[in-house]
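Values reported hereafter were calculated over all heavy atoms of this structure, with side chains retained and with hydrogens, waters and symmetry mates removed.
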Number of protein chains: 2
Amino acid sequence: MLTHAAEDYLKSIYKLQEKGGKVSTGILAAYLNVKPASATGMIKKLKTMKLVSHERYRGVTLTDAGRAIALEIIRHHRLLELYLFKALGVPWDGVHEEAEKLEHVISEDMEARMDEFLGYPTADPHGAPIPDKNGVVIQKEHIPMTDLQSGQSCRVAEVSDTDPALLRHLGNLNLYPGTAFHVKEVAPFEGPFTIDMEGEQVVIGREVAKHIFVDNVQDMDNV
Amino acid sequence: MLTHAAEDYLKSIYKLQEKGGKVSTGILAAYLNVKPASATGMIKKLKTMKLVSHERYRGVTLTDAGRAIALEIIRHHRLLELYLFKALGVPWDGVHEEAEKLEHVISEDMEARMDEFLGYPTADPHGAPIPDKNGVVIQKEHIPMTDLQSGQSCRVAEVSDTDPALLRHLGNLNLYPGTAFHVKEVAPFEGPFTIDMEGEQVVIGREVAKHIFVDNVQDMDNV
DNA sequence: TGTATAATTTAGCTATGCCTAAATTAATTT
DNA sequence: AAATTAATTTAGGCATAGCTAAATTATACA
């Protein structure tokens, strides 16, 4: 069995690898809020366990064994988030923090029971995909909201789960995964978005839009 | 915040204190499966935090602050056991182990949500009392089954929660808290008990009976 | 009362996982 | 190509929490 810290490193390497191949020590350390020297130390340990590949000064990658563990932890995290949300009514801006602690501690049996209770779900409350019990992730195609053009319609697919204040804000605006909206206007010079949700008009700043990902994008000019 | 290990020590001191005043280093160490020297070390730390009182070679006691923390952890543990049993269908011989890990990790919010879901329960699946959120425990009067005489009737009040094999055995016999039975015969020379449960006759050995506690004891000779 | 036994404590070691500061290696600039 | 800058690694330290072995204290017995 691995330590909680080691599991967190593997999970972080997985996530950082998603957006751009090899992961540098510095990026990893920043992501985990530790110093680079500490990351180097853990990387060495993970290497002796054959969970990561690493060449000095060149960055880390997960091995197949490392990725399997990372996905197992991510599965725990996302199942927990959804379970806390649906079964215990924890607000969606609170589930991440709670799941962050529980993910290292639950048994395979509890994982399976939550999975069954939830009807074998494929996404957590923020829209992130839940790997299945064999570690298979179905990664849907997402587009950052900042790429949208005036006149387009789409659906919220996923939002960042880390900042509770942002999540409360998005919740107030009803911008949950699944919510459909239409881009009324994009202000020039990297300005805010004005969107239309069932008649309600809402203005979304760039900084917020960066944390929203959409799918089902359709040009609605001629509709 | 305390470490998980410190919380486990406080919880253990509380439980051992219940059955006999001051707790010796050796008893505490044995209960926690650590060496006496390790217990001495932790006791020192807890003393500097004013969570225990300790005189060298004389044993430990919890301070009010220490007891409050112990009861908080015990509350977490027992609420979790009942929650896992009722909400997720974890069998009663499995809830202890799972709760042992989760008890150190759940938030006050999650504690409150489970409490509400369960309807503010007062006992866990093994019959142990759940302290309320202010740390008040209603300790019901229990009698060890080994004290029963032939001809008496009673109800299972509580069973030990630590040994899964024992719990599976008791479960097979339907000896859950609340189950009523009548003592048909107590074999002489510390022999086994023959009990009657709704017509079914079952023989319970001494070693098993030691782990069963009963209440509502009534002499049924003249009934 | 003195001595043997049992329990407890001290001392010193290990491993994890973090830190800071210094040294090394790589990348960029001139 | 040399020098500066940035990133990474090494070295050494700290806290937690366990361990063993030795020293100490208390208790029980004769």
Whole Å only: how far is the CG atom of Leu28(A) from the C1' atom of dT8(D)?
13 Å

Would you check if Leu170(B) and His211(B) make a side-chain contact, meaning some heavy-atom pair closer than 4.5 Å?
no

For Glu103(B), run the side-chain hydrogen bond (donor to acceptor under 3.5 Å, both in side chains) check against Arg75(B), Lys11(B), His76(B) and tell me which one passes.
Lys11(B)

How long is the gap from CG on Leu166(B) to CD1 on Ile212(B), to the nearest 0.5 Å?
7.5 Å

Give every pair of a protein N or O atom and an N or O atom of nucleotides 17-19 of chain D that lie under 3.5 Å apart, one pair per line with the distance.
residue: dA17(D); atom: OP1; partner: Thr3(B); partner atom: OG1; Å: 2.3
residue: dA17(D); atom: OP2; partner: Thr3(B); partner atom: OG1; Å: 3.4
residue: dG18(D); atom: OP2; partner: Tyr9(B); partner atom: OH; Å: 3.3
residue: dC19(D); atom: OP2; partner: Lys35(B); partner atom: N; Å: 2.8
residue: dC19(D); atom: OP2; partner: Ser38(B); partner atom: OG; Å: 2.6

Nearest-Å distance for atom pair CD1/C1', residues Ile43(A) and dG17(C):
14 Å

Report the distance from atom NE2 of His142(A) to atom CG of Asp147(A), rounding to the nearest 0.5 Å.
13.5 Å

Take the protein atom CD of Glu55(B) and the nucleotide atom P of dT8(C), then report the distance between them rounded to whole Å.
14 Å

Using modelled atom types only, decide if a donor and an acceptor are shared between the side chain of Thr63(A) and the backbone of Lys50(A) within a distance under 3.5 Å.
yes

Protein-to-nucleotide contact annotation, 5' to 3' order, nucleotides 24-29 of chain C [B base; S sugar-phosphate only; - none; under 4.0 Å, heavy atom]:
BSSS--

Could you state the interatomic distance from CD1 (Ile73(B)) to OG (Ser12(B)), rounded to the nearest 0.5 Å?
11.0 Å

Dot-bracket pairing map - DNA chain C, Watson-Crick plus G-U, both contacts under 3.5 Å, | cross-strand:
||||||||||||||||||||||||||||||

Gap between atoms NZ and P, on Lys44(A) and dA15(C) respectively (whole Å)
15 Å

From NE2 of His54(B) over to C1' of dA7(C), roughly how many Å is that when rounded to an integer?
11 Å

Is there a side-chain contact between Met42(A) and Ser38(A) in this structure, where contact means two heavy atoms from C-beta onward sitting under 4.5 Å apart?
no

Can you list the residues that meet the ring pair (Phe, Tyr, Trp, His ring centres under 6.0 Å) rule with Phe193(B), with sequence neighbours excluded?
none

Per the salt bridge (charged side-chain N to carboxylate O under 4.0 Å, His left out) rule, what does the pair list look like for residues 125-144 of chain B, sequence neighbours excluded?
none

Which whole-number value in Å describes the distance from Met49(B) CE to dA15(D) P?
13 Å

Audit row: Val90(A), His96(A), side chain to side chain contact (heavy atoms under 4.5 Å, CB included) steps and yes/no:
CA-CA 10 Å; Val90(A) 178; His96(A) 176 74; over 6 Å; no

So which of Glu81(B), Arg78(B), Glu158(B) actually passes side-chain hydrogen bond (donor to acceptor under 3.5 Å, both in side chains) with His126(B)?
Glu81(B)

Do other residues, nucleotides or ligands put more than 12 heavy atoms under 6.0 Å from the CG atom of Leu173(B)?
yes

Is there a residue in residues 19-26 of chain B whose heavy atoms reach under 4.0 Å of DNA chain C, and which residues are they?
Ser24(B), Thr25(B), Gly26(B)

Report yes if the side chains of Leu79(A) and Leu118(A) come closer than 4.5 Å at any heavy-atom pair, otherwise no.
yes

